[in-house]
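What follows is a short report on a single structure.
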Amino acid sequence: MERRQPPQTEEGWYVLHDFRSIDWDAWRDAPERRRSRAIEEGIEYLSAAESVADAEEGESATFAVLGHKADLLVLHLRPTLADLDALERQFEGTALAEFTERADSYLSVTEVSGYMSQDYFDEDAEVEDTGMARYIETRLKPEIPDSEFLSFYPMDKRRGSEDNWYDLPFDERAEHLSSHGDIGKDYAGRVTQIISGSIGLDDFEWGVTLFGDDPTDVKDLLYEMRFDPSSSRFAEFGRFLSARRFPPEDLGAFLDG
Amino acid sequence: MERRQPPQTEEGWYVLHDFRSIDWDAWRDAPERRRSRAIEEGIEYLSAAESVADAEEGESATFAVLGHKADLLVLHLRPTLADLDALERQFEGTALAEFTERADSYLSVTEVSGYMSQDYFDEDAEVEDTGMARYIETRLKPEIPDSEFLSFYPMDKRRGSEDNWYDLPFDERAEHLSSHGDIGKDYAGRVTQIISGSIGLDDFEWGVTLFGDDPTDVKDLLYEMRFDPSSSRFAEFGRFLSARRFPPEDLGAFLDG
Amino acid sequence: MERRQPPQTEEGWYVLHDFRSIDWDAWRDAPERRRSRAIEEGIEYLSAAESVADAEEGESATFAVLGHKADLLVLHLRPTLADLDALERQFEGTALAEFTERADSYLSVTEVSGYMSQDYFDEDAEVEDTGMARYIETRLKPEIPDSEFLSFYPMDKRRGSEDNWYDLPFDERAEHLSSHGDIGKDYAGRVTQIISGSIGLDDFEWGVTLFGDDPTDVKDLLYEMRFDPSSSRFAEFGRFLSARRFPPEDLGAFLDG
Amino acid sequence: MERRQPPQTEEGWYVLHDFRSIDWDAWRDAPERRRSRAIEEGIEYLSAAESVADAEEGESATFAVLGHKADLLVLHLRPTLADLDALERQFEGTALAEFTERADSYLSVTEVSGYMSQDYFDEDAEVEDTGMARYIETRLKPEIPDSEFLSFYPMDKRRGSEDNWYDLPFDERAEHLSSHGDIGKDYAGRVTQIISGSIGLDDFEWGVTLFGDDPTDVKDLLYEMRFDPSSSRFAEFGRFLSARRFPPEDLGAFLDG
Amino acid sequence: MERRQPPQTEEGWYVLHDFRSIDWDAWRDAPERRRSRAIEEGIEYLSAAESVADAEEGESATFAVLGHKADLLVLHLRPTLADLDALERQFEGTALAEFTERADSYLSVTEVSGYMSQDYFDEDAEVEDTGMARYIETRLKPEIPDSEFLSFYPMDKRRGSEDNWYDLPFDERAEHLSSHGDIGKDYAGRVTQIISGSIGLDDFEWGVTLFGDDPTDVKDLLYEMRFDPSSSRFAEFGRFLSARRFPPEDLGAFLDG
C-alpha cells in the first residue's frame, strides 16, 4: 500500500466552541445584586467579544444550547491560539462565570484545501483578487451569519479495513468532495457552514458548524448528504449540539427563563 | 459507489425529551414550606405545559422514570425550537427545579418520509383532505396517548462496510420499512409510536418513543422487529429509558414516594 | 435477506436490580442517633420488601456488592412496573437513603420463550398442571435462592455482518440455546439463574442473574459457556457485578464494616 | 460451528485490587490531629492486612499509583470473597478512609488451567508433592513479590468474526499459550505475574498483575508478547494502572508528598 | 500465524503529562492572601521542577491548556518513576493545588527502537560517540523545546483482523516507519517530537508530544502523515490536547486571565 497524496491546505482563524452549563441552582439562590452583576459583566464580555475588542480581526457570537449537554455556547474565531486562550480565561474572570461550568469545547482552525481550489494552491503566491481569492478569504475568515439556528458536530473520515478515506487516490477524494459540495449548493441562502480542521488540535479531524434560520433545512441537508458516499462510507460523526443565537443584551432574559 | 436517493421528508413539531433526576437528599431535608412550594410550582408548570398555555399548539406529558438514569421525564412537542428552549428554561425558574438535575435529554422533530407516503410528496402542494393527509397530520402533530408506559430510545441506521443502509437503493429501503411497519400494525391499539428525526439536532438519527398500557406489548413488538432485516442488519440502538405517565396533580405523591 | 421467525415469549414478574453506593464519609460523620435510625428504617424497608408486604406476590433480596461499582444491591421482582416504581421511590423516603446514592440499576422482566418450551405455546391456552407448566411457573415467578453469591450482567445477541443471531433460522437458534442450556444442567444444584428480558426496558436485551454458594461454580459455568457458539459467536456482554447476600437484620453489621 | 472444549481450571485465592484516590484538598485542610489519626489508623489497617491478621492465609500489599486515575492501591488475596468484602468495608471504617474515594477496583480469583498443566488435572485427586504440585500451589496461592513496580490491567480474549479465541481447537489454544509463556520465561527473575480469572466476577475475563523492580522489564515483556499471535490476534486490553510499592509504615511520608 | 520479531528498544527518561483543571470558582472567591500564596508556591514548584532541583537530570515545562479538558499541563521527564511519583505528590502539597483538580494524565518512557537504529543495537555495548549515539541520546533524554505550541495524544497500533501491525514482518514495519519518519524530516526546525512508549504503563502503547511555534505546522504534519499507510491503516488515536507554553513566573497572569 502506497502513501497517498494529501491535499494542500491553508489555515485561517482559530475557532473555539466554548460550551457552558448554567448552575441554575446557584442562579435561583443568588441575591439580586449578584445576578445583576453577572448579567452586566456577562453582557460586557460577550459584547466586547462580538465587537472583537480584543484583537485586530475575528468573529464571536452567543447562543442558547438546547438540552442537557450545555446551556450557553460562545463561539470565537480569532487569528491566533493566544487570542482564544485569553478569551477563554477572561470569561472565567467575569461574575457570569460564577454561574457556569465548562460542559464541552472544541478547538479547530478554518481551512481551505486543495481538493476544491487546487488552482489557488497552484498559482503563484501573489493571488490576484479574483472570485477564487475572495471565496478563499470568506472560508478562512468567515463571517458568523445572523441565522437563528446553529448545529455543531465534530467528524472524522473513516480509516476502516474496507472503507478507508486516507487510502483513496487524491482524485477520487476530490470527486467525492465535489459531489458532496454540490448538495450544499442546493441549500445556498438557507444553510451556511464553517468547516474547520482540528487534526492535532482536538479529538476529531474536523469541526462542522452549520447555520440556518430553519433547523429543518440543516436536517434536510445533512440527511441528503448521508446518502452520498463521502458520508455513507467515509464519515464518522461525534456528538451533535443544537443552539439558538441571541444577542448579548438578551443575556438577562436568557437567564431569567 | 453512487449517491443514493434520499427520501423526501416533511417535518412537524419539535420534540424535547427532558429527563431530570430528583435530588432525594435535598428533598428529604427540605422544610415542609419549600416542599409545598416546589410541588405547587411544579404542578403549575406541568399543567400549563400539558394544556399548552405557552404556544398555539403542541403536546406535553409527565412521566416517572424507572431506574437510576433519571426520575422525571417531561416530554414536550411544540411548533418551534424557540418554544422548547423557553419551556426548558422556564422549568429552571420553578421551585421544583431546585430539587432536580438534568440527567439526559433528546432533541428531535416529528417527520414523515417519502418511503411510506410517496404519494403525499408527489401530489400538488394543495393536499386534499383525504385519509392520507389525516394520517400525515397525526404523524407530524401527534397526540401523546394516555397509555401508562413509555419507552424511549435513539437509533441510527448502520453504515458498515457490509451492511450500509445509506448505500441501499431507495426501493430496497422502502421495502424494508414497509415490511417493518407491517409488524407495527399487528400491535395497533396496543402500542403507539412517535418517530422523530434528529439528524443535525442530536447524537443519533432518530428518536423513537413508544407508548402502551402493557410494557410487554412494547417488548414483544421490539423483539419481533429485531428479527426483521431493517433492525437485524441495519439498526444501531442507543440507550433505552422506561417511564410511567402520571398526571401533574400527582406530583406530590410522586415525590413523597 | 428475509425476516426471521421470532420466538413466542411469555412474561412474568418485572425485575429491578437497584444498585446503591454508600456515602461512607457521611456514615462515619453521622451521629449515633442518625445511624440508628438509618439502620432501623433500612431494616424495616428491606424486611417489608423481602416479605412482599407491598404486593400480592413477588420476591426481594438484599446483597453486599464487591468493589467500587456499588455497595448495596436490592433485587426486587414484582407483578407490575408500578410495584417496582413504588419500591424504588419508597426507598428514597427512608433514613437509610440519606447515606446512599444510586450507582446503577437494571430493569427487566422474567420470560420464557418458545425456543425451549414450544409445546407450552403450541398447546391450548388452558395448560394442564404438568411438569412443563410448573417449570414455566418457576421461570416466570422465580424464587430467589438462598445462595450466598450473586453475579449479574446484561447481554445482547450479536448483530454483526457475519455473526448475526437475529438472522439465524429459528431452528438453528433453538439448537444453539438447547446446547447452551445443556451446559447449565451440569451445574444444577450449584448454580441457579434468572434470565429476564429487557428489550425496550433497558439498554441490553437480557439481564442474567446467577446464584451459587461457590463463586467458582458460576465462573466455571460461564467459562464453559463461552466456548459454546451461542456465546463465542453471538454474545455481547455488558458490565458484571458481584455481590453477597445478607439478611436485612444484618444491615447494621454491613454498615459498620 | 461446534462447541469447543474448555480447559479445566482450579481456583485459589480471591483477589481484590482496591484503587483509591486521595482527597488532597481535604488532606491539606485537615488539622494535624485528624491527619495523625488517619495515618495511624491507615498504618494499622494496612499492616494488619499485610500480616493477614484477618484470615488464615492470604497476602496483601500497598502501592502508590502514578497519574490521575488513583493514588493508592491496596491489593488483597484471600481464601474467600467474604474475606475481601470484610477488608473492603473495614477500610471504610478507618480515619484514613475519610481522605479517600474509591477510584477503581477489580475482582478476580487466582487460577491454573489445563492448558499448561493438564497432567495436574488428569492425575488422581491425590496429587503427589511433586514440582508440578508446588508450581500449582504458587499460582493458586501466590506470594506478592517485593518488587518496586506493579502494572495491572484486565483483558479479554477476542471473539471476533475472524479472530475468535473461543472457536479455536483446544490444542491450538494450548500451543498459543505455551508459546506465550515461553516469552515470560525469558524474564524470569525480573518480572513476576499473577494471572487471575474474572469471568462472572468483573467486567473482563482476566486480571493481569505484573511485578518487577525495573518498569522497563515489564514494558519489554509486554511489547514482546504483543507480537505473539495470542496477543496480536486474540487479546483485548482494558485500562492499565502503574504503581509503586511502599511499606505501610511509610504512609505518612506518602501522604505528605 | 507465527510470532513476529519485536524491535529492540532502549528506554530513557520516564514522562508524566500531568493535566490539571483550575477551580475558577474557588479562585475568584479566594481572598487576595490565599491567591498570592498559591501563585508564590506555584511558581516555586514549577521553577524548581523546570530547573530540575529534585533530580540529577531531567526536564520540566509548564503549559496553558486550551478548552474544557484541562487548564494546566505540567510536563515532567525524569530518570525514575520514583522521581515522577514524588513530583506529582509534591504538587499536591502546594497552595496552588488547592485550586486545581487532576483532569487527566499520561505515563510513559522515552524510547528508541531497533526499527530506525538497528546499528545502535547491533554494535557492541560500548558505543562510540558518533552521530548515531548523539541522536539516540537526544531521543532518550530529550530537551523540551522552547516552542509556544504543544499537542499531545496517545496512540496504539491497530490489531485488526485485516490491518494488524503486530502481524507484519519486521522489515515491513521498519519500512513503514522509515517512510513515516521521512514526512517528519520535512518539518525539521518547525515541529519537534517526543515519542514515548507506554505499554504496561498507561492505556495506550505510545504517547506523542509535538512542539512547534505555529500550530498549523503540527496540523499539516499530522494531516500529511494520516495519508501514510502506517497511520491510515495502522494507527488508532486517543484524545488530543492542545496547550501553550508559559514560563512559571507568568503563573499569576495565567490565573488572572
Side-chain angles (χ1 to χ4, degrees), chain D residues 21-22 24-25 27-29 64-69 71 148-149 151 153 158 160-164 176 179-180 182-183 191 208 210 212 214-244 246 253-257, chain E residues 1-11 14 16-20 23 26 80-82 84-95 97-109 111 113 156-157 159-162 164-168 170 197-205:
Chain D
S21 289
I22 305 293
W24 293 110
D25 286 354
W27 183 252
R28 269 184 310 264
D29 290 353
V65 181
L66 278 291
H68 76 296
K69 295 176 199 159
D71 291 299
E148 182 184 331
F149 179 68
S151 171
Y153 60 94
R158 191 175 286 176
S161 55
E162 300 195 27
D163 293 329
N164 191 326
H176 274 310
S179 158
H180 206 65
D182 288 344
I183 301 175
V191 181
V208 180
L210 300 174
D214 186 343
T216 63
D217 283 333
V218 171
K219 172 179 175 288
D220 289 349
L221 166 61
L222 292 178
Y223 195 22
E224 198 170 334
M225 282 183 164
R226 203 144 296 190
F227 290 93
D228 187 62
S230 76
S231 283
S232 61
R233 289 180 57 199
F234 296 112
E236 304 279 6
F237 300 108
R239 62 202 178 273
F240 285 75
L241 287 126
S242 294
R244 298 175 57 245
F246 69 87
F254 166 77
L255 285 165
D256 290 333
Chain E
M1 188 172 147
E2 58 188 313
R3 185 194 305 168
R4 295 299 183 178
Q5 184 195 335
Q8 285 180 280
T9 60
E10 184 163 326
E11 287 79 14
Y14 290 90
L16 178 67
H17 289 75
D18 191 350
F19 293 98
R20 310 249 163 184
D23 180 345
T80 70
L81 268 192
L84 296 181
D85 190 14
L87 280 166
E88 187 188 351
R89 274 179 295 112
Q90 277 161 22
F91 184 94
E92 296 296 353
T94 68
E98 293 173 39
F99 298 101
T100 74
E101 282 169 31
R102 284 173 296 181
D104 200 349
S105 69
Y106 206 77
L107 187 66
S108 54
V109 61
E111 74 174 23
S113 79
D156 281 337
K157 284 300 188 191
R159 292 182 293 113
S161 55
E162 299 195 27
N164 192 326
W165 176 260
Y166 292 95
D167 188 32
L168 297 181
F170 184 94
S198 49
I199 293 180
L201 293 173
D202 215 320
D203 297 350
F204 285 76
E205 297 169 351

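In the text below, chain A, chain B and the rest are named by the order of the sequence lines, each starting its count at 1. Source: prediction; values computed, not measured.
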Honestly, the part of E:Ala82 sitting under 4.5 Å from a heavy atom of chain D is both
So, does E:Glu88 use its side chain to make a donor-acceptor pair with the main chain of D:Gly67 at under 3.5 Å? yes
Bottom line for D:Ala243: the part with an atom under 4.5 Å from chain E's heavy atoms is neither
Side-chain donor/acceptor of E:Arg3 to backbone N/O of D:Ser179, under 3.5 Å: yes
Does any backbone or side-chain atom of D:Leu210 lie under 4.5 Å from a heavy atom of chain E? Answer side chain, backbone, both or neither. neither
Exercise: identify the closest heavy-atom pair between D:Ser242 and E:Gly200: OG-O, 3.5 Å
Give the member of D:Trp27, D:Phe237, D:Tyr153 that has the highest number of heavy-atom pairs under 4.5 Å with chain E. D:Phe237
Which bit of E:Tyr14 comes within less than 4.5 Å of chain D, counting heavy atoms only: side chain, backbone, both or neither? side chain
To the nearest 0.5 angstrom, please state how far the CD atom of E:Glu11 sits from the CG atom of D:Asp217. 9.0 Å
Using a 4.5 Å cut-off on heavy atoms from C-beta on, say whether the side chain of D:Tyr223 contacts that of E:Tyr166. yes
Residues E:Arg159 and D:Glu236: closest non-hydrogen pair is NH2-CA, 4.4 Å
Please classify the contact between E:Glu205 and chain D as side chain, backbone, both or neither, with a heavy-atom cut-off of under 4.5 Å. side chain
E:Ser198 and D:Lys219: which non-hydrogen atoms are nearest, and at how many Å? N-CE, 4.5 Å
Could you verify whether a donor N or O on one side chain and an acceptor N or O on the other, from D:Asp220 and E:Thr9, lie under 3.5 Å apart? yes
Among the options D:Glu224, D:Arg158, D:Glu148, pick out the one with the most heavy-atom pairs lying under 4.5 Å from chain E. D:Arg158
Do D:Leu66 and E:Leu81 have side-chain heavy atoms sitting under 4.5 Å apart? yes
Look at D:Lys69 together with E:Asp203 and state whether they make a salt bridge at an N to O cut-off of under 4.0 Å. yes
So does E:Leu201 get a backbone contact from the side chain of D:Ser151, meaning a donor-acceptor N/O pair under 3.5 Å? no
Which answer fits E:Asp202, side chain, backbone, both or neither, if we ask what part of it has an atom under 4.5 Å from a heavy atom of chain D? both
In short, E:Glu2 meets D:Pro229 closest at the heavy-atom pair O-CG, 3.6 Å
Side chain of D:His68, backbone of E:Arg102: donor and acceptor closer than 3.5 Å? no
Do E:Arg4 and D:Ser232 have a side chain donor and acceptor closer than 3.5 Å? no
In terms of heavy-atom contacts, E:Glu98 and D:Asp25 come closest through CA-OD1, 3.8 Å
Is a donor on one side and an acceptor on the other found under 3.5 Å between the side chain of E:Arg89 and the backbone of D:Phe254? yes
Value for CG (E:Asn164) from CG (D:Asp163), rounded to nearest 0.5 Å, stands at 7.5 Å
Does any heavy atom of chain D fall under 4.5 Å from the side chain of E:Ser108, the backbone, both, or neither of them? neither
So which part of E:Leu107 gets closer than 4.5 Å to some heavy atom of chain D, the side chain, the backbone, both or neither? side chain
Per-residue contact mode, D:Asp71 against chain E (heavy atom under 4.5 angstrom): side chain
Taking C-beta and beyond as the side chain, do E:Glu92 and D:Arg28 meet within less than 4.5 Å on heavy atoms? yes
Looking only at heavy atoms, what is the nearest atom pair of E:Asp85 and D:Ala64, with distance? OD2-CB, 3.7 Å
Separation of D:Phe149 CZ from E:Thr80 OG1 (nearest 0.5 Å): 12.5 Å
